[in-house]
Each structure stands twice: as structure tokens, then as C-alpha cells.
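So the structure is just underneath, and the comments pick up after that.
Here is the naming used below: chain letters follow the sequence lines, and residue numbers restart at 1 for every chain.
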Amino acid sequence: GIQVEQSPPDLILQEGANSTLRCNFSDSVNNLQWFHQNPWGQLINLFYIPSGTKQNGRLSATTVATERYSLLYISSSQTTDSGVYFCAVDAGGGADGLTFGKGTHLIIQP
Amino acid sequence: GAVVSQHPSWVICKSGTSVKIECRSLDFQATTMFWYRQFPKQSLMLMATSNEGSKATYEQGVEKDKFLINHASLTLSTLTVTSAHPEDSSFYICSARDGLMNTEAFFGQGTRLTVV
């Protein structure tokens with residue numbers, strides 16, 4: 001099956017800093033999503049981005065499908081950005097579930 | 001975005017009993033729903049795909065007789081953990097897509113199961 005690797009596994013930053021999270025995947029994908037898992041476990045949808053670039057406030061994401069990677073950018077980090085960020089992909093169609101990376105654990109210190 | 005609701009949010013049960021978890025798509029119909037499991041400090045792993053009106057398909061290593069899935073309508077899928085044991089304690093979370101192909105997946109709030 002498809003492999004998803006995220007880096008770095010852990011990241012500690014000061015409030016106000018910028019960060020870049022990376023997701024590499026081993027095969028062509030039809031779906032790629034970025035999530036933020038909050039302390040209660042809920043997955044918050046950040047981006048649905050199988051290709052191209054999107055921005056939402058302080059967050060933006062870019063997926064280069066031909067090179068099999070995606071980047072999530074967080075600018076001007078806030079303590080509320082802390083948590084685990086997951087990249088997940090689907091190599092099939094809508095009938096397939098997502099394959100998740102192991103996540104990046106982000107801690108933003110005040 | 002589409003809303004997926006999961007119930008209960010947490011449950012504690014005794015070893016040997018069964019627990020049912022519900023997953024509903026509130027504002028769309030979902031012919032397919034997905035069930036994932038997450039152990040502490042680990043990633044989410046797909047357990048099974050729930051298909052409306054037909055049998056669920058299970059990932060390798062997931063016991064279909066222990067994790068019973070029923071997808072009785074286009075808005076409801078249930079996961080029943082039968083004869084639960086402490087090693088079944090985990091975070092279970094469901095997902096659905098609003099649409100047929102290549103559309104965004106939305107997740108329920110998750111259910112934290114503790115078997116004592």
C-alpha cells in the first residue's frame with residue numbers, strides 16, 4: 001500500500017515563529033488532506049489539497065503531485081496552534097479510506 | 001463543510017460486554033463510511049469500510065467477528081465492539097465523504113473506549 005512520511009516528528013517553537021511541515025507519499029494520490037488533531041482527539045480539516053496551493057488565514061498548503069510531496073505552512077504561530085498535524089492520502093477513489101502519516105507534534109511556547 | 005456526528009464521545013465498559021458506537025452524516029448522504037482506530041500517541045489506522053446495504057470490508061488483521069459493522073441507512077453506520085477486552089481500549093473515529101469520488105473526508109468527534 002501507499003506509504004506516507006511526515007517530518008519533522010516533533011517541533012517546538014516560540015509564539016510568533018513560522019513553521020513548515022512536510023508530507024511525502026510513495027505513489028500517485030487522488031486525495032490529500034491536512035488535519036489538526038485537538039487535545040480532545042477531534043480531527044479538524046485544514047486543507048483538501050491533492051494538488052496546487054491553498055491559503056486560509058495564517059495557514060497555507062502546497063502539494064506538488066508530480067514530486068509526491070505536500071507542505072503545510074503555519075505563520076505567526078499561536079499557542080492554540082499546538083497539537084498534532086496529520087497528512088492523509090487516498091490513492092484510490094471515494095471508496096477507499098485514508099492512509100495517515102505518523103503526524104508532526106507541534107508545541108508553541110508562549 | 002459536511003458534518004459527521006459520532007456518539008458516544010466516551011464509554012467505559014466491563015470486560016466481556018459489548019459496546020455500540022454510532023456514526024451519522026447530518027447534512028448529506030453517505031453510501032460509504034470508514035472506521036479508524038487510534039492508540040495513544042499513534043496515528044490513525046483504517047479498520048474497515050462500511051457500505052450501505054452490503055457487508056463491510058475489513059483491513060488485514062481486523063477481526064470482523066469482534067468489530068461488527070452495520071450500515072443500515074445512507075446516514076448511519078454503527079460499530080459494535082463485541083466481548084470487549086482491555087486491549088480493545090482505544091480511540092475510535094468514523095469518517096464519511098459528501099460525494100462519490102475524490103471529495104473531502106470529514107470525521108466524527110471520536111469515541112474513547114475504556115474496557116476495565
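Within residues 100-110 of chain A, the residues having any heavy atom less than 4.5 Å from a heavy atom of chain B are, in residue-number order, A:F100, A:G101, A:K102. At a heavy-atom cut-off of under 4.5 Å, chain B is reached by no residue from residues 50-62 of chain A.
Closest of all the heavy-atom pairs between A:D96 and B:R97 is O-NH1, 2.8 Å. Smallest separation of non-hydrogen atoms from A:L98 and B:A105: CD1-CB, 4.0 Å.
Among pairs with a residue in residues 36-48 of chain B, those fulfilling side-chain hydrogen bond (donor to acceptor under 3.5 Å, both in side chains) read A:Q37-B:Q38, at least two apart in sequence or across chains. For residues 54-88 of chain B, there are no disulfide bond (SG atoms under 2.5 Å apart) pairs, not counting sequence neighbours.
Within a 6.0 Å radius of NZ in B:K55, other residues, nucleotides and ligands contribute 12 heavy atoms or fewer. B:H7 NE2: 12 or fewer foreign heavy atoms inside a 6.0 Å radius. The number of heavy-atom neighbours closer than 6.0 Å to CD of A:E5, taken from other residues, nucleotides and ligands shown, is 12 or below.
No chain of hydrophobic side-chain contacts below 4.5 Å, direct or via other Ile, Leu, Val, Met, Phe, Trp or Tyr residues, connects B:F107 to A:F47. When hydrophobic clusters are built by joining Ile, Leu, Val, Met, Phe, Trp and Tyr residues whose side-chain heavy atoms come closer than 4.5 Å, directly or via intermediates, B:Y92 is grouped together with B:V11. Hydrophobic clustering (side-chain heavy atoms under 4.5 Å, transitive across Ile, Leu, Val, Met, Phe, Trp, Tyr) keeps A:Y69 apart from A:Y48. A chain of hydrophobic side-chain contacts below 4.5 Å, direct or via other Ile, Leu, Val, Met, Phe, Trp or Tyr residues, connects B:F67 to B:V19. B:F39 and A:V84 fall into different hydrophobic clusters, where Ile, Leu, Val, Met, Phe, Trp and Tyr residues are linked whenever their side-chain heavy atoms come under 4.5 Å apart, directly or through other members.
Only the side chain of B:T49 has a heavy atom closer than 4.5 Å to any heavy atom of chain A.
Two residues are said to be in side-chain contact when any heavy atoms from C-beta on lie closer than 4.5 Å; B:L44 and A:F35 fail this criterion.
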**OP:** Go through the steps to decide whether B:F106 and A:N45 satisfy the test side chain to side chain contact (heavy atoms under 4.5 Å, CB included), and finish with yes or no.
**Re:** CA-CA 7 Å; B:F106 292 88; A:N45 286 39; 3.6 Å; yes
